[in-house]
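Just so we're on the same page: letters track the sequence lines, and every chain starts at 1.
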Amino acid sequence: MRKIAIVGSPNVGKSVMFNNLTGSYATVSNYPGTTVEVLRGKARIGSEEFEVIDTPGMYSFLPITEEERVSRAIILDEQPCVILHIIDAKNLERMLPLTLQFLEAGLLVILVLNIIDEVRDLGINIDVLHLEKELNIPVVETVSTTGEGMDILKGRIEEHVKRFC
Amino acid sequence: MLKDFAKRIGYDDPLEIYLSRIESLLLSDYKITKRAIAILLLQEDNEMLDRIKDKEKERAEEILKVIQEAKAHYSHPLSYIISLRRQKETNRISQAVMSFKKAGKVSFSERLSKIMMNPLTGGPILLAVLYYGLYKFVGTFGAGVLVDFLEDKVFGNYVNPFVTNLVSAAIPLKIIQDLLAGEYGVITLGVRYAFAIILPIVATFFFAFAIVEDTGYLPRLAMLVDQLFKKIGLSGRAVIPLVLGFGCDTMATMVTRTLPTKRERIIATLLLALAIPCSAQMGVILALLEGRPLGLIIWLGVIFLVFLIAGYLASKIMPGELPTFYMEIPPLRLPQFSNIFRKTASRLNWYFWEILPLFLFASVLIWLGQITGIFNFLVKILEYPIGWIGLPPQAAIAFLFGFFRRDYGAAGLYDLKKAGLLSGNQLIISCITITLFLPCIAQLLMNVKERGLRMGIAISIFILFFSFSIGYAVNLILTLLNLQL
């Protein structure tokens, strides 16, 4: 079964995204040799079933905490074919450095601009097409708590899997 | 899934040369780009280093040499240079893709938010928050009503007599009896102190703090005081530990861990110990200065001045880069009470287990001080500085015991006040001095624990001299001006 890893810094809505994708079934287990808990569940996207992994929060690809080490190990060792980098769209400046690190490593992530509703409330507009061109990866806007944008995200995942996996 | 057409940022020329030299030495397959491995290696990623040692064998030596060369080439750590470059690229992209619409109509919460951050209007709001949140709720309700109930009723009537009887029945040795259940016993003093005095005060404080936090007031307060705090070597970020200090300085000192630089942590620790009275101290002081509004104003003024001057001097003595401060300002929200209760409970739990051992240790110290006679000796020594600041020698006992037991210190001073031994001037001076003086032994221990033995002791000795010097100065000024308050 192919894997989808959900990555990103803490408090950006990773777990809600995980629940949106997987429904209610999830297994919690300690990552081997650590005290860090990792959530895994299954998701059907298109005609394919995936294993979805909710990784612990990470700020940088250069790990400092045990959580970050686990998240990196999942990315390196489990070779997920889709990596969803979830960010808080309000804080583009703080969140994009990690995206750049993924790209530097040749990992083709899908960038998810979560909590986009709060960005709109602030009167800010993010030009998604421009951002896609800058980074050369798919960028999707979502509001994980309401489910807004989930269909588009699933469509982009399908596309991505067809092209690269 | 290694695709090279994705975005890739370039670094400056020397760094690129080091990177390609390392890349050319990496011959194994790493599942991510060799460039990324090289960048991680330059940033001292030990986990990666172990991996390449394992995979590249003899070439690892060569790679290590290139890393050393690269490090020597730059005056800053490479991780800093690399992050800076990434941040620059991020900022460029963000600015390119983000645009701001014309501001719509200003909502009520936005207007309120602006009012809170404006120095002119924000000041009175801060005072109102302090008055109702701190003075009324924590001070009057928590430190007054709840403490009275737990301390007098629960411990005074039930727990202490029970423990005392039990211990005297079970253990024949007087000295051990004292250790467990005497006046300064581990249970009768240490546990009682933690449960009956600290718990209610801190619980009400955490509750008020969670409300302030969840409404989004805290970051606005941080913005409000940021400019002022920059002058004393801190930034708006220090607002959180300093506000917590009004609840309990010991806990607040622990929270200085959240400050980013060592310099800020030291300055904040010093200011907490010196000029931020904890709720227990405030209780004593407000009671002593009852009915003396002028005294209260002088006390407030002196403490605030000391706060600014000490902070300013400390920031001059300890040069360092100005702290940068960036804080997201979340929207103002009505707090959810279930959330506030959960937060209060989990913080109390965390705090309590950190603090309880300190109280137990403190009561063992008091017990030792009593049986060895060190206490009497210390009181004799303290009488000198007490005399210099114009207080009667009886106040020495109050000061020393106040350090170990706030209520004893307070009771001592009340007695002196009642006996008419303290004039108005002396009351104000003793209030100022006891505020500046280290609040309690638990904080002394926490200073040592957090800042290390040398810095902890240095801060304490400085405060000892400084608090009495200020007391002396205020006494001198009042005498010279021939003021009787």
Side-chain angles (χ1 to χ4, degrees), chain A residues 11 59-64 68-69 72-73 75-83 88-109 111 113 118-137 139 160-161 163-165, chain B residues 1-11 19 30-48 51 77-79 82-107 109-110 326-331 333:
Chain A
N11 302 321
Y59 290 102
S60 162
F61 203 55
L62 177 71
I64 295 168
E68 289 180 310
R69 237 168 253 132
R72 187 168 83 172
I75 293 168
L76 292 182
D77 301 336
E78 303 203 20
Q79 301 262 304
C81 87
V82 181
I83 298 174
D88 177 350
K90 290 196 299 301
N91 295 314
L92 221 50
E93 289 103 331
R94 282 216 319 251
M95 305 272 166
L96 283 186
L98 182 57
T99 318
L100 293 178
Q101 291 172 67
F102 289 137
L103 298 179
E104 214 161 46
L107 300 163
L108 284 188
V109 297
L111 184 62
L113 305 180
E118 289 192 9
V119 175
R120 289 188 208 120
D121 290 348
L122 290 170
I124 297 171
N125 182 51
I126 298 179
D127 185 344
V128 174
L129 288 177
H130 192 165
L131 189 56
E132 285 194 336
K133 238 188 230 147
E134 280 283 353
L135 300 172
N136 211 355
I137 50 168
V139 179
H160 183 92
V161 171
R163 277 181 73 190
F164 300 113
C165 293
Chain B
M1 215 182 42
L2 292 179
K3 299 288 180 255
D4 272 337
F5 59 78
K7 173 92 196 170
R8 158 185 148 159
I9 50 175
Y11 298 93
L19 282 175
Y30 288 94
K31 297 170 191 167
I32 60 172
T33 58
K34 287 176 181 154
R35 182 179 173 80
I37 303 278
I39 289 169
L40 289 169
L41 289 174
L42 285 180
Q43 295 177 90
E44 300 176 36
D45 183 339
N46 289 327
E47 205 180 298
M48 267 313 151
R51 279 195 198 208
L78 289 171
S79 55
I82 291 169
S83 307
L84 210 62
R85 174 70 190 95
R86 266 190 211 123
Q87 194 57 52
K88 209 174 141 202
E89 181 63 12
T90 299
N91 292 348
R92 187 190 65 72
I93 297 174
S94 306
Q95 268 156 28
V97 303
M98 282 201 302
S99 52
F100 295 85
K101 285 182 215 137
K102 267 193 306 224
K105 67 173 194 300
V106 186
S107 68
S109 73
E110 268 173 68
Y326 167 82
M327 195 179 240
E328 191 196 337
I329 305 283
R333 295 193 181 98

Comparing A:V128, A:N125, A:L92, A:D127 against chain B, the one with the most heavy-atom pairs below 4.5 Å turns out to be A:N125

Are the side chains of A:E104 and B:I9 in contact, using a 4.5 Å heavy-atom criterion? yes

B:I82 side chain reached by A:Q101 side chain, heavy atoms, under 4.5 Å: no

Between [atom1] of [X] and [atom2] of [Y], what distance do you get to the nearest 0.5 Å?
{"X": "A:R72", "Y": "B:D45", "atom1": "CZ", "atom2": "CG", "result": "4.0 Å"}
{"X": "B:T90", "Y": "A:R94", "atom1": "OG1", "atom2": "CZ", "result": "12.5 Å"}
{"X": "B:Y30", "Y": "A:L76", "atom1": "OH", "atom2": "CG", "result": "12.0 Å"}

Does any backbone or side-chain atom of B:I39 lie under 4.5 Å from a heavy atom of chain A? Answer side chain, backbone, both or neither. side chain

Bottom line for B:R51: the part with an atom under 4.5 Å from chain A's heavy atoms is side chain

Determine the minimum heavy-atom distance between [X] and [Y], stating which atoms define it.
{"X": "A:L96", "Y": "B:S94", "value": "CD1-OG, 4.1 Å"}
{"X": "B:I32", "Y": "A:F61", "value": "CD1-CE2, 3.9 Å"}
{"X": "B:R86", "Y": "A:L100", "value": "O-CD1, 3.7 Å"}
{"X": "B:A36", "Y": "A:A105", "value": "CB-CA, 3.4 Å"}

Using a cut-off of 6.0 Å, state whether more than 12 heavy atoms not belonging to B:E44 lie near its atom CD. no

Count the heavy atoms of every other residue, nucleotide or ligand shown that sit under 6.0 Å from CG of A:N11, and state whether that count exceeds 12. no

Pick from B:Q43, B:R35, B:K34: which one has the most heavy-atom pairs with chain A under 4.5 Å? B:Q43

B:E89 side chain to A:P97 main-chain N or O, any donor-acceptor pair under 3.5 Å? no

